[in-house]
Amino acid sequence: MKIKALKGFKDIVPGEVELWQYLERVAREVFDRFHFREIRMPILEETELFARSIGEATDIVEKEMYTFVDKKITMRPEATASLLRAYIEHGLYVQKPVQKLFTIGPMFRHERPQKGRLRQFHQMDIEVLGSENARVDTELMAMGAMLFDELGLTVSLELNSLGCPECRPGYRAMLLEYIEARHDLLCSDCKRRSTTNPLRVLDCKVPSCREQILDAPSILDHLCGQCEDHFQQVQSGLEQLGVKYQLNKFMVRGLDYYCRTTFEFITTDLGSQAAVAAGGRYDGLIETLGGPKNSPGIGFAMGMERLVLLLQQLDQSVVEADTVDLYIAGIGDQGARVGFGLAHEIRAEKFSVAMDHEGRSLKSQMKQAHKTGARFVLIIGDAELESGKGILRNMGTEEDQQDVLLSAQSITECLLKK
RNA sequence: GUGGGCGUGGCUCAGUUGGUUAGAGCACCUGGUUGUGACCCAGGAGGUCGGGGGUUCAAGUCCCCUCGCUCACCCCA
């Protein structure tokens, strides 16, 4: 019986991992430009942390978490809660009132896997803690847009506001009334949602439900003065920076902690997993988790599997082919022995060197060199050992240089010349 | 948790109305004269046809069960 990876858990093998490295490299570079700093947290946390932040009644907490019940610990299903815990625990808000942080790593949710959705998945998570200025919201979305643009991905930004504890309850009551009046016309899921989370009815995909909610009251028409003002500033900021966006008054969030600004970066190229990144503001959350009072925050997470899938759909290859500077082909035991030593010395000079130790024929080694994408091949056989000079073949031009001294120094000089 | 589709060598797949030793392409290995990479040619290795049971003289091909993968619902990044 062969042992295989668990359902929903995937290996990222050579040939595939390069794209992940590329994604991460570009992202880190962009984060750096906006002056975000990295933070890394453990994968396991107290279960309580997620119950309190994400919300007891959410699907994530109710049925999707990997929890060690006896130890009361859970593998993180998302990054924000852990990041805030660390932020509070280390008193980062004391050192610097506004913190801009990012983290990259695996998250775990026990769901049925499908395209762009795994049980262990990876997110890049960005958070700005300690500011409620609308420019922060704008900058965050602008950064996301810039990153996707530089990756060559076509995604659109959808924006909404969820209001705050001042204005949401009133709106919620109004919506509930609207939904109740049409209760019989809704799908069975929405009937359930109307009691568990009425806002969710707004983004039901069933056509008949969509029809019913067309004239539903919009939160955007019922924001309190402050939220309205804040939302206007966010929008004018996006316009100032030339970031295209679309208002979506039906967009809701699955995690309880969101308020005010919420947004999603959407693609049409991933089947049902449209959101490649999503997030929003969570102004009361830091306090809820034991941090300083009146401490606002906003952040978003990007699904790396989804981004990699999109990158794979691009025709142009963004990843460099497999290549080495030099392949050493040793013929016979002595040739291989000398090559073995030279390879080590040349590697110490910061060149990449490949050779095999299987005692293959020269022809076979040349084939290996070709497949490896070697720029040069150094041939060392009996004749070369005798003269002390090797043959250096340029794999591009097919030229052989006959008189290369078998020393790391003269070989590296030749490599530098080309 | 609920549905649909699919499970043949590393990968992509053929396998006819069930019938002799299960095939192809790609990839891999070794050769094509004595020490050289494309292509080509020859040869080779590699599969208990997901697993179990049943029908039959005979099953990769039919039936049942089971496991796995996948897409979708739900939910979400």
Side-chain angles (χ1 to χ4, degrees), chain A residues 1-2 4-8 10 13 15 54 57-65 77-80 104-126 144 155 187-190 192-193 196-197 200 203-206 251-255 263-267 270-280 299-310 327 329-332 335 356 358 360-385 390-400:
Chain A
M1 194 51 188
K2 258 192 269 185
K4 307 203 304 185
L6 294 169
K7 182 198 282 281
K10 282 244 186 317
V13 296
I54 299 170
T58 59
D59 278 17
I60 295 176
V61 172
E62 242 172 32
K63 51 193 187 197
E64 294 174 359
M65 295 204 303
E78 57 116 30
T80 304
I104 300 176
M107 310 293 156
F108 305 84
R109 272 136 71 166
H110 188 98
E111 302 178 88
R112 197 75 167 261
Q114 66 189 68
K115 187 172 190 168
R117 194 177 83 182
L118 296 174
R119 289 181 173 180
Q120 176 178 331
F121 59 104
H122 298 78
Q123 289 188 337
M124 299 193 285
D125 191 69
I126 325 292
V155 298
C187 71
S188 55
D189 279 326
C190 281
R192 174 175 55 77
R193 282 191 274 249
T196 57
N197 189 350
R200 289 232 80 97
D203 73 347
C204 182
K205 296 180 193 93
V206 177
M251 186 175 73
V252 295
R253 309 266 62 231
L255 288 65
F263 57 96
E264 291 184 355
F265 286 94
I266 306 285
T267 176
L270 280 184
S272 67
Q273 262 58 248
V276 294
F300 76 104
M302 299 179 254
M304 295 180 75
E305 277 77 7
R306 295 176 186 181
L307 292 174
V308 167
L309 283 171
L310 290 179
Y327 184 100
I331 308 161
D356 80 47
E358 314 311 314
R360 299 176 200 259
S361 67
L362 178 59
K363 172 174 181 164
S364 178
Q365 291 190 72
M366 290 304 293
K367 283 185 182 173
Q368 294 297 325
H370 182 82
K371 271 187 303 203
T372 309
R375 291 167 49 227
F376 289 91
V377 175
L378 178 69
I379 299 170
I380 309 174
D382 291 342
E384 288 71 30
L385 289 171
I391 300 172
L392 189 66
R393 159 160 284 213
N394 183 321
M395 295 296 274
T397 63
E398 299 187 23
E399 286 169 332
D400 285 353

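Owing to the predicted nature of the structure, the values given are computational and were not obtained by experimental measurement. Throughout, a chain's letter reflects where its sequence line sits, starting with A, and its residues are numbered from 1.
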>> So does A:Arg360 get a backbone contact from the side chain of A:Ser364, meaning a donor-acceptor N/O pair under 3.5 Å?
In response: no
> Now, which nucleotide makes the Watson-Crick or G-U wobble pair with B:rU34, with each of the two distances under 3.5 Å?
Replying inline: none
> Is there a Watson-Crick or G-U wobble partner for B:rC69 with both distances under 3.5 Å, and which nucleotide is it?
Replying inline: B:rG5
>> Distance check needed: B:rU36 C1' versus A:Glu399 CD, whole Å only.
In response: 15 Å
>> Output the rounded distance in Å from NZ (A:Lys363) to P (B:rU36).
In response: 8 Å
> Tell me: CG of A:Asp356 to C1' of B:rC29, nearest whole Å?
Replying inline: 13 Å
> B:rC29, B:rA77, B:rG37: which one has an atom nearest the side-chain heavy atoms of A:His370?
Replying inline: B:rG37
> Is any side-chain N or O of A:Lys63 closer than 4.0 Å to OP1 or OP2 of B:rC74?
Replying inline: no
> What is the nucleic acid contact for A:Ala374, judged by heavy atoms within less than 4.0 Å: base, sugar-phosphate only, or nothing?
Replying inline: nothing
> Hey, does A:Asp125 reach any base, or is it just sugar-phosphate, or nothing, if we go heavy atoms under 4.0 Å?
Replying inline: nothing
> Under 4.0 Å between a side-chain N/O of A:Lys4 and OP1 or OP2 of B:rG51, yes or no?
Replying inline: no
> In Å, rounded to the nearest 0.5 Å, how long is the span from CZ of A:Arg112 to CD of A:Glu64?
Replying inline: 13.0 Å
> Can you find a side chain N or O atom of A:Ser364 that sits less than 4.0 Å from OP1 or OP2 on B:rU30?
Replying inline: yes
> How would you label the contact of A:Ala369 with the nucleic acid (heavy atoms, under 4.0 Å): base, sugar-phosphate, or nothing?
Replying inline: nothing
> Which is it for A:Leu118 and A:Arg109 under the side chain to side chain contact (heavy atoms under 4.5 Å, CB included) test, yes or no, and what are the steps along the way?
Replying inline: CA-CA 8 Å; A:Leu118 296 174; A:Arg109 272 136 71 166; over 6 Å; no
> Counting side-chain heavy atoms from C-beta on, which of B:rU70, B:rC75, B:rA72 comes nearest to A:Glu64?
Replying inline: B:rC75
> Reckon A:Arg117 has a side-chain N or O less than 4.0 Å from the OP1 or OP2 of B:rA72?
Replying inline: no
> Can you tell which of B:rG35, B:rA77, B:rG32 lies closest to the side chain of A:Leu362?
Replying inline: B:rG35
> Taking CG from A:Asn394 and C1' from B:rG37, how many angstroms apart are they, rounded to a whole number?
Replying inline: 12 Å
>> Using atom C1' in both nucleotides, what's the gap between B:rC71 and B:rC29 to the nearest angstrom?
In response: 38 Å
>> Return the pairing partner of B:rG47 with a 3.5 Å limit on both distances, Watson-Crick or G-U wobble; otherwise return none.
In response: none
> Which base sits across from B:rC39 as a Watson-Crick or G-U pair, both distances under 3.5 Å?
Replying inline: none
>> So for A:Arg200 and B:rC74, does any side-chain atom that can act as donor or acceptor lie under 3.5 Å from a complementary atom in the base?
In response: no
>> Classify A:Ile391 by what it touches in the nucleic acid, base, sugar-phosphate, or nothing, heavy-atom distance under 4.0 Å.
In response: base
> Roughly how far apart, to the nearest Å, are B:rC13 and B:rU70 at atom P?
Replying inline: 14 Å
> If you measure from the C1' atom in B:rC28 to the same atom in B:rG4, how many Å do you get, rounded?
Replying inline: 37 Å
> Is B:rG18 paired to anything, Watson-Crick or G-U wobble with both distances less than 3.5 Å, and if yes, which nucleotide?
Replying inline: none
> How far does the C1' atom of B:rC69 sit from the matching atom of B:rC11, given to the nearest Å?
Replying inline: 16 Å
>> With a cut-off of less than 4.0 Å, is there a side-chain N or O of A:Gln114 near OP1 or OP2 of B:rC73?
In response: yes
> According to a strict under-4.0 Å criterion, is A:Gln368 in side-chain N/O contact with OP1 or OP2 of B:rC29?
Replying inline: yes
>> Assess the residue pair A:Met395 and A:Val377 against the criterion (side chain to side chain contact (heavy atoms under 4.5 Å, CB included)); give the C-alpha distance rounded to whole Å, side-chain angles, the decisive distance to 0.1 Å, and a yes or no.
In response: CA-CA 7 Å; A:Met395 295 296 274; A:Val377 175; 3.5 Å; yes
> Using atom P of each nucleotide, how far apart are B:rU16 and B:rC6 to the nearest Å?
Replying inline: 16 Å
> Between CE of A:Met304 and CG of A:Leu309, what distance do you get to the nearest 0.5 Å?
Replying inline: 12.0 Å
>> Between A:Arg119 and A:Glu111 (salt bridge meaning N to carboxylate O under 4.0 Å), is one present in this structure?
In response: no
>> Output the rounded distance in Å from CE (A:Met124) to C1' (B:rA77).
In response: 11 Å
>> For the CG atom of A:Asn394 and the CZ atom of A:Arg375, what is their distance to the nearest 0.5 Å?
In response: 8.0 Å
> Nearest nucleotide by nearest heavy atom, which residue falls closer to the 5' end of RNA chain B, A:Leu270 or A:Glu305?
Replying inline: A:Leu270
> Pick the nucleotide of RNA chain B nearest each of A:Ile60 and A:Gly8; which residue has the one closer to the 5' end?
Replying inline: A:Gly8
>> Given B:rU36, B:rA77, B:rU30, identify the nucleotide with an atom nearest to the side chain of A:Met366.
In response: B:rU36
>> Rounding to an integer number of angstrom, what distance separates B:rU61 and B:rU20 when you compare their P atoms?
In response: 14 Å
> With a 4.0 Å cut-off on heavy atoms, is A:Gly116 in touch with a base, just the backbone sugar-phosphate, or nothing at all?
Replying inline: base
> How far, in whole Å, is B:rG32 from B:rA38 if one measures between their C1' atoms?
Replying inline: 16 Å
> How is A:Arg393 classified with respect to the nucleic acid when contacts are heavy atoms under 4.0 Å: base, sugar-phosphate, or nothing?
Replying inline: base
> Is B:rC26 paired to anything, Watson-Crick or G-U wobble with both distances less than 3.5 Å, and if yes, which nucleotide?
Replying inline: B:rG10
>> Within the 4.0 Å heavy-atom criterion, would you say A:Leu118 contacts the bases, only the backbone, or no part of the nucleic acid?
In response: base
> At under 4.0 Å between heavy atoms, what does A:Glu358 touch on the DNA or RNA strands: base, sugar-phosphate, or nothing?
Replying inline: nothing
>> Using the side-chain hydrogen bond (donor to acceptor under 3.5 Å, both in side chains) definition, which of the options A:His122, A:Gln120, A:Lys10, A:Arg117 pairs with A:Glu305?
In response: A:His122
> Between B:rG15 and B:rG60, how far is it from one C1' atom to the other, in whole Å?
Replying inline: 8 Å
>> When you measure from the side-chain N and O atoms of A:Lys7 to the phosphate of B:rG68, is any distance below 4.0 Å, counting only OP1 and OP2?
In response: no
>> Centroid separation under 6.0 Å, is that true for the rings of A:Phe376 and A:Tyr327?
In response: no
> Would one find a side-chain N or O of A:Lys367 under 4.0 angstrom from OP1 or OP2 of B:rC39?
Replying inline: no
> Any side-chain N or O of A:Arg112 under 4.0 Å from OP1/OP2 of B:rG4?
Replying inline: no
>> Between A:Met65 and A:His110, is the side chain to side chain contact (heavy atoms under 4.5 Å, CB included) condition met? List the steps.
In response: CA-CA 6 Å; A:Met65 295 204 303; A:His110 188 98; over 6 Å; no
> Whole-Å distance between B:rU36 P and A:Leu392 CG?
Replying inline: 17 Å
> Among B:rG35, B:rC76, B:rC29, which is the nearest nucleotide to the side chain of A:Gln273?
Replying inline: B:rC76
>> Can you measure A:Ile331 atom CD1 to B:rU36 atom C1' for me and round it to whole angstrom units?
In response: 8 Å
> Roughly how many Å is it from CD1 in A:Ile266 to P in B:rA77, rounded to a whole number?
Replying inline: 11 Å
